[in-house]
Amino acid sequence: MAVTVTSEYDFDTPVDRRGTWSVQWDGIADRFPVPDLLPFTISDMDFTCAPEVLAALQRRVAHGVFGYTDWRNDDFRGAIRDWFKERYDTEVDPATLVYAPSVLNQISQLLRMWSAPGEGVVVHTPTYDGFRKAVTGLGRELRGVPVNDPELTLLEAELARPDSRVLLLCSPHNPTGRVWTDAELGAIAELCERHGVAVISDEIHADLTHEGYVHRPWTRYARGRWALVTSGTKAFNFPSLSGSYGFIGDPDEHAAFVRRMDTGEGLASPAVLSLTAHIAAYREGGAWLDAVRAYTYGNLRVVAERLNSAFPELGWRPPQAGYLAWVDLRPVLGEGVGDEVLQRELVERQGVAVMPGGTYGAPGFVRLNVGCPRGKVEAGVGALVRGVAAVRG
């Protein structure tokens with residue numbers, strides 16, 4: 001049965017993104033060999049921004065002057081401080097705030113500061129491909145630990161290696177959508193402190209945590225060398241405006257990061273529209289965010305209903321956070337059908353682009369982006385069901 005979410009915001013009406021330089025829509029040929037596919041790939045949403053954010057951007061554009069800007073202002077810092085207090089019941093110190101063009105840029109800078117080529121960076125598997133590119137691109141060794149590690153024994157084994165320098169934590173986890181518990185985060189913090197491993201906690205999916213689960217910022221557990229990195233761009237759907245922020249508690253580490261960005265990277269002035277969008281989102285966009293979370297969770301329930309109706313053995317459940325459906329198809333396809341076979345069916349016969357699990361180090365899975373109108377979700381999951389049925393024979 002389809003799920004209906006009542007909202008003052010319209011998420012059902014499609015917005016044509018073709019011809020807007022969209023990576024998901026116009027850049028489909030970069031990942032898939034067939035043009036004009038219906039895409040469910042890169043993790044941005046097909047919805048327009050919150051009207052409150054659009055209004056703030058329009059006012060700023062109407063001003064007409066776009067000179068150099070400073071992110072160290074009370075409006076930006078105060079909006080972030082209040083957002084963490086209201087949404088996460090967490091006090092953050094604005095003096096620990098840092099700014100960068102993107103979360104991955106922050107991560108790359110911190111990896112350069114806290115590790116050397118050849119040293120180990122621990123991640124949970126399956127692993128967001130951006131992490132893999134950042135770590136290996138800098139010449140560090142990616143060391144994977146399964147996200148399902150109940151006693152944390154596998155994690156501790158990797159952290160205990162003499163040259164493991166950083167734990168790159170994804171919280172909530174991408175692509176699985178797992179929300180870490182209070183006990184897990186506390187134990188992870190204790191292990192990292194014991195073994196002298198720095199923590200970089202990427203929390204860009206935090207604002208998309210679903211009802212019944214609680215996201216807890218890393219600042220609550222921080223010990224030793226640490227950074228929390230995040231952005232409003234994911235939850236409020238303005239990634240092309242760029243902009244991210246983070247917290248680094250140690251004054252010397254904080255000063256080193258800011259100095260690196262201001263001088264070595266030449267990025268002292270942020271994009272003013274990014275600051276404008278963040279402030280408006282955090283001050284005025286809460287209702288829109290709650291509505292989009294409810295709507296996308298409804299989309300995930302549609303996926304669950306269609307998949308489990310066609311393949312009861314999957315027993316698939318929506319993730320704890322986010323709008324990415326991470327689906328283990330191995331119970332249906334077995335070990336004999338590889339990603340290539342299913343992708344060929346989906347692309348060439350079903351006309352959809354869905355990210356294969358192998359991209360994240362997990363063959364046999366798929367990642368389906370349902371941050372889109374309900375009609376598109378129904379078309380996508382229908383194509384996935386037909387594709388799986390076809391290759392299964």
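Scanning all heavy atoms of the two residues, the minimum distance from Glu253 to Ile248 falls at CB-CG2, 3.7 Å. Here the shortest heavy-atom pairing between Phe47 and Phe11 reads CE2-O, 3.4 Å. Minimum interatomic distance between Val145 and Leu155 (heavy atoms only, all atoms of both residues): CG1-N, 3.6 Å. Ser108 approaches Leu138 most closely through the heavy-atom pair O-CD1, 3.8 Å. Considering all non-hydrogen atoms of both residues, Thr20 and Asp26 come closest at N-OD2, 3.0 Å. Across Pro33 and Pro35, no two heavy atoms sit closer than the pair O-CD, 4.1 Å.
Ion pairing between Asp290 and Arg293 holds under the 4.0 Å rule for side-chain N and carboxylate O. Here Asp163 pairs with Arg143 in a salt bridge; the nearest charged N to carboxylate O distance falls below 4.0 Å. Between Asp36 and Arg18 no salt bridge is recorded (no basic side-chain N to carboxylate O distance below 4.0 Å). Using a 4.0 Å cut-off between a side-chain N of Lys or Arg and a carboxylate O of Asp or Glu, Glu203 and Arg87 do not qualify as a salt bridge. Arg194 and Glu190 are joined by a salt bridge, as a carboxylate oxygen and a charged side-chain nitrogen come within less than 4.0 angstrom of each other. The pair Arg140-Glu119 does not meet the salt-bridge criterion, since no charged nitrogen lies less than 4.0 angstrom from a carboxylate oxygen. A salt bridge links Asp46 with Lys376; the closest basic N to acidic carboxylate O contact falls under 4.0 Å. In summary, Asp93 and Arg81 do not engage in a salt bridge, as defined by a charged side-chain N under 4.0 Å from a carboxylate O. No salt bridge links Arg225 with Glu193; every basic N to acidic carboxylate O contact stays at or beyond 4.0 Å.
The distance between the ring centers of Phe238 and His278 falls below 6.0 angstrom.
Side-chain contact between Lys85 and Thr90: absent, with no pair of heavy atoms (C-beta onward) separated by less than 4.5 Å. Counting only heavy atoms from C-beta outward, the side chains of Phe32 and Gln343 approach each other to under 4.5 Å.
Checking Asp252, Val258, Asp250 one by one against His254, the side chain to side chain contact (heavy atoms under 4.5 Å, CB included) holds for a single residue, Val258. Arg374 pairs in a side chain to side chain donor-acceptor pair (under 3.5 Å) with only one of the listed residues (Asp12, Thr296, Asn299), which is Asn299.
Side-chain N/O atoms of Tyr128 and Asp202 include no donor and acceptor closer than 3.5 Å. Using modelled atom types and a 3.5 Å distance limit, the side chains of Tyr88 and Arg216 yield no donor-acceptor pair. With 3.5 Å as the limit, one finds a donor-acceptor pair spanning the side chains of Thr181 and Glu184. No donor-acceptor contact under 3.5 angstrom links the side chains of Asp44 and Tyr323, judged on distance only. No donor-acceptor contact under 3.5 angstrom links the side chains of Trp25 and Asp16, judged on distance only.
Heavy atoms from other residues, nucleotides or ligands lying under 6.0 Å from CZ of Arg349 number 12 at most.
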For His195 and Glu156, run side chain to side chain donor-acceptor pair (under 3.5 Å): C-alpha distance rounded to whole Å, both residues' side-chain angles, the deciding distance at 0.1 Å, then the answer. CA-CA 9 Å; His195 297 291; Glu156 181 166 21; 3.2 Å; yes
Set out, in order, the CA-CA distance, both residues' side-chain angles and the distance that settles side chain to side chain donor-acceptor pair (under 3.5 Å) for Asp207 and Trp83, then state yes or no. CA-CA 10 Å; Asp207 291 328; Trp83 185 256; 3.1 Å; yes
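A donor-acceptor pair under 3.5 Å is absent between the side-chain atoms of Ser164 and the main chain of Ala160, judged by distance alone. No donor-acceptor distance shorter than 3.5 angstrom exists from the side chain of Arg17 to the backbone of Val15, with no hydrogens or angles considered. With hydrogens and angles disregarded, a donor-acceptor distance shorter than 3.5 Å links the side chain of Arg178 to the backbone of Val147. A distance-only check finds a donor-acceptor pair linking the side chain of Trp180 to the backbone of Cys170 [under 3.5 Å]. Of the possible donor and acceptor atoms, one in the side chain of Ser274 sits under 3.5 Å from a partner among the backbone N and O of Ser242.
Ring pair Phe84/Tyr245 is perpendicular by interplanar angle, where above 60° counts as perpendicular and below 30° as parallel.
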